[in-house]
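Here is how names work: the chains are called A, B, and so on, in the same order as the sequence lines, proteins then strands, and each is numbered from 1.
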Number of protein chains: 2
Amino acid sequence: MDTKTEIMDLAEQLIRSRGYNSFSYKDISSALNIKNAAIHYHFPAKHDLGKAIINRTRLRFAQHISEWKTASPTRQLEQFIATYEGANEKELICFMGSLGPSYKTLPESMQKELTAASFEIRSWIRIILKAGLADGSFSFNENLEEKSDAIITSLLASLIMNRVTGENILASIKSVIFTGLQREAL
Amino acid sequence: MDTKTEIMDLAEQLIRSRGYNSFSYKDISSALNIKNAAIHYHFPAKHDLGKAIINRTRLRFAQHISEWKTASPTRQLEQFIATYEGANEKELICFMGSLGPSYKTLPESMQKELTAASFEIRSWIRIILKAGLADGSFSFNENLEEKSDAIITSLLASLIMNRVTGENILASIKSVIFTGLQREAL
DNA sequence: GTCTATAGGGGGATAGAC
DNA sequence: GTCTATCCCCCTATAGAC
């Protein structure tokens, strides 16, 4: 693997485990047995690295939802939640949960990428919920946009709460999400 | 107001707007027209300040829920959500949303306080939901503990997403929470 | 593309005077 | 209880050799 990719992979891991403002070039250079200057060659400033990572995440998300496209709404939502489960196993939180809280401290280029990512994710979930309503696999009373945001916020924070509590909050949230998409027929 | 309280108030604001690792003693000393050494007198190490703030938040929460005690479950939950609305107006996120993501970077004393706080909040919401089920003001199909965690995670992350999106996600989440506590009678 | 060397600033923390 | 002065470490970033 080329150095640039290795740097990005490790930086992403560091961001999602410690936060953007809590990792340094030294963390990367020492782990990869290179020098800080080598990182600066690939990413002149730290925010260039940060921006590149968010952008790559956006591209990966676009690839994912494209691959999932033919599956049922339920299955697509399961696939989406599976990415959180994968993160959880690696003891990582999602990039939105890591970068969002420190939004105000981020350089503008990173803020823009992050905001763009948030709209892409939110609009995708809306589409999935709408499709589920249309084919009858989902049923709920809440406003569709609001329900969508309730789903992503609870997923985002579940990874954070997993750390703080030491419990598997994500599993609980997953259960609540699917129960909440099946309005009971009495 | 005494200096110690002023320091804590400002530090809390800084933590909840920028994060624990992204504020410095200089931010506080310059704003209060004192010197860094004065802060070190009251809080020898930064983590002493951090711990004190979390502990104060725990005490305040205990006071709040004690004051709310006689109100209906619905009203108590509204009061709780009102604290998020208050934070939102001041452009602050909750302390759990700020400190949780950087949990791994925090000194042990702060981690313990944070974890203790999480259990206090979660157990309170469980009590409220249970009371609401008992008196018939709430109705839902989900497991009570899981439903409780879904509520606090969505609230926590709504403040974060407000920043990233520039929208009022908290209002949406509030709406979804109350709708989700009224299972429809068909 | 990676290195050495270094600049320049900011961080938390402490000693001792007042 | 607050100050001045200072220490030491880590940070991001750049210049120039290889």
Side-chain angles (χ1 to χ4, degrees), chain A residues 1-54 56 98-99 101-111 113, chain B residues 1-56 98-99 101-111 113-114:
Chain A
M1 198 190 312
D2 59 304
T3 306
K4 187 167 185 173
T5 306
E6 285 186 313
I7 293 170
M8 286 182 69
D9 289 348
L10 186 50
E12 179 183 343
Q13 217 177 326
L14 288 165
I15 288 175
R16 292 172 58 190
S17 78
R18 311 161 81 78
Y20 178 74
N21 291 315
S22 300
F23 86 91
S24 70
Y25 274 36
K26 192 184 178 185
D27 295 327
I28 298 175
S29 57
S30 63
L32 298 183
N33 279 313
I34 56 178
K35 301 298 172 184
N36 281 8
I39 307 175
H40 280 286
Y41 169 79
H42 295 285
F43 303 97
K46 193 183 181 184
H47 61 82
D48 294 317
L49 176 53
K51 178 183 173 178
I53 289 169
I54 308 177
R56 186 176 71 168
S98 171
L99 298 172
S102 47
Y103 190 78
K104 287 189 176 184
T105 73
L106 300 178
E108 200 187 345
S109 63
M110 288 181 67
Q111 290 181 337
E113 283 286 337
Chain B
M1 198 191 314
D2 60 304
T3 306
K4 188 168 184 173
T5 306
E6 284 186 314
I7 292 170
M8 286 180 70
D9 288 348
L10 186 49
E12 180 184 342
Q13 216 178 327
L14 287 164
I15 289 175
R16 291 172 58 190
S17 78
R18 311 161 79 78
Y20 178 74
N21 291 315
S22 299
F23 86 92
S24 70
Y25 273 36
K26 194 185 178 186
D27 294 327
I28 297 174
S29 57
S30 61
L32 298 183
N33 278 312
I34 55 177
K35 301 297 171 184
N36 280 9
I39 307 176
H40 279 286
Y41 170 77
H42 296 286
F43 303 98
K46 193 181 180 184
H47 60 83
D48 294 317
L49 176 54
K51 178 183 173 178
I53 288 169
I54 308 177
N55 192 261
R56 186 175 70 168
S98 171
L99 297 173
S102 47
Y103 189 79
K104 288 189 174 181
T105 72
L106 300 178
E108 201 187 346
S109 62
M110 289 182 65
Q111 289 181 339
E113 284 285 336
L114 199 61

**Study point:** Interatomic distance where NZ belongs to A:K4 and C1' belongs to C:dT2 [whole Å]
**Key:** 15 Å

Exercise for review: Please check the phosphate of C:dG12 (OP1 and OP2 only) for any side-chain N or O of B:K46 closer than 4.0 Å.
Suggested key: yes

Exercise for review: Using whole Å, report how far CG of A:L14 lies from P of D:dC11.
Suggested key: 12 Å

Review point. Taking for each residue the nucleotide of DNA chain D bearing the nearest heavy atom, is the 5' side occupied by A:A45 or by B:Y41?
Key: B:Y41

Practice item. Determine: side-chain N/O of B:H40 to OP1/OP2 of D:dT2, distance under 4.0 Å, yes or no. Key: no

Study note, to complete from the structure: In whole angstroms, the gap separating P of D:dC7 from OH of B:Y25 amounts to 21 Å

**Study point:** Of the listed nucleotides D:dA13, C:dC3, C:dG1, the one nearest the side chain of A:H42
**Key:** C:dG1

Review point. When we call it a touch if two heavy atoms are under 4.0 Å apart, what does A:F23 touch: a base, just sugar-phosphate, or nothing?
Key: sugar-phosphate

Exercise for review: Round to a whole Å and report the spacing from NZ of B:K35 to C1' of C:dG11.
Suggested key: 17 Å

Practice item. Using whole Å, report how far CD1 of A:I7 lies from C1' of C:dT2. Key: 11 Å

Point to revise | B:I39 CD1 - D:dC3 C1' separation (whole Å) | key: 13 Å

Check your understanding: At under 4.0 Å, does any side-chain N or O of B:S24 touch on OP1 or OP2 of C:dG11?
Key -> yes

Practice item. Give the rounded distance in Å between these two atoms: CZ of B:F43 and P of C:dT14. Key: 15 Å

Review point. Within this structure, what is the OH-to-C1' distance between B:Y20 and C:dG11, rounded to whole angstrom?
Key: 12 Å

Review point. Any idea which heavy atoms bring B:K104 and B:Q111 closest together, and the distance?
Key: CA-NE2, 4.0 Å

Exercise for review: Have a look at B:N36 and say if it touches a base, only the backbone sugar-phosphate, or nothing, with a 4.0 Å heavy-atom cut-off.
Suggested key: nothing

Revision key, fill the gap. OG (B:S109) and CG (B:N55) are apart, to the nearest 0.5 Å, by 10.5 Å

Practice item. Using a cut-off of strictly less than 4.0 Å, decide whether B:T3 has a side-chain nitrogen or oxygen near OP1 or OP2 of D:dT2. Key: yes

Check your understanding: Taking A:I39 as the fixed residue, which of A:L32, A:I28, A:T3 is the one that meets the side-chain contact (heavy atoms from CB on, under 4.5 Å) rule?
Key -> A:I28

Review point. When rounded to the nearest 0.5 angstrom, what distance separates CD in A:E12 from OG1 in A:T5?
Key: 12.0 Å

Revision key, fill the gap. What one should report as the nearest heavy-atom pair of B:S98 and B:G19 is OG-CA, 3.7 Å

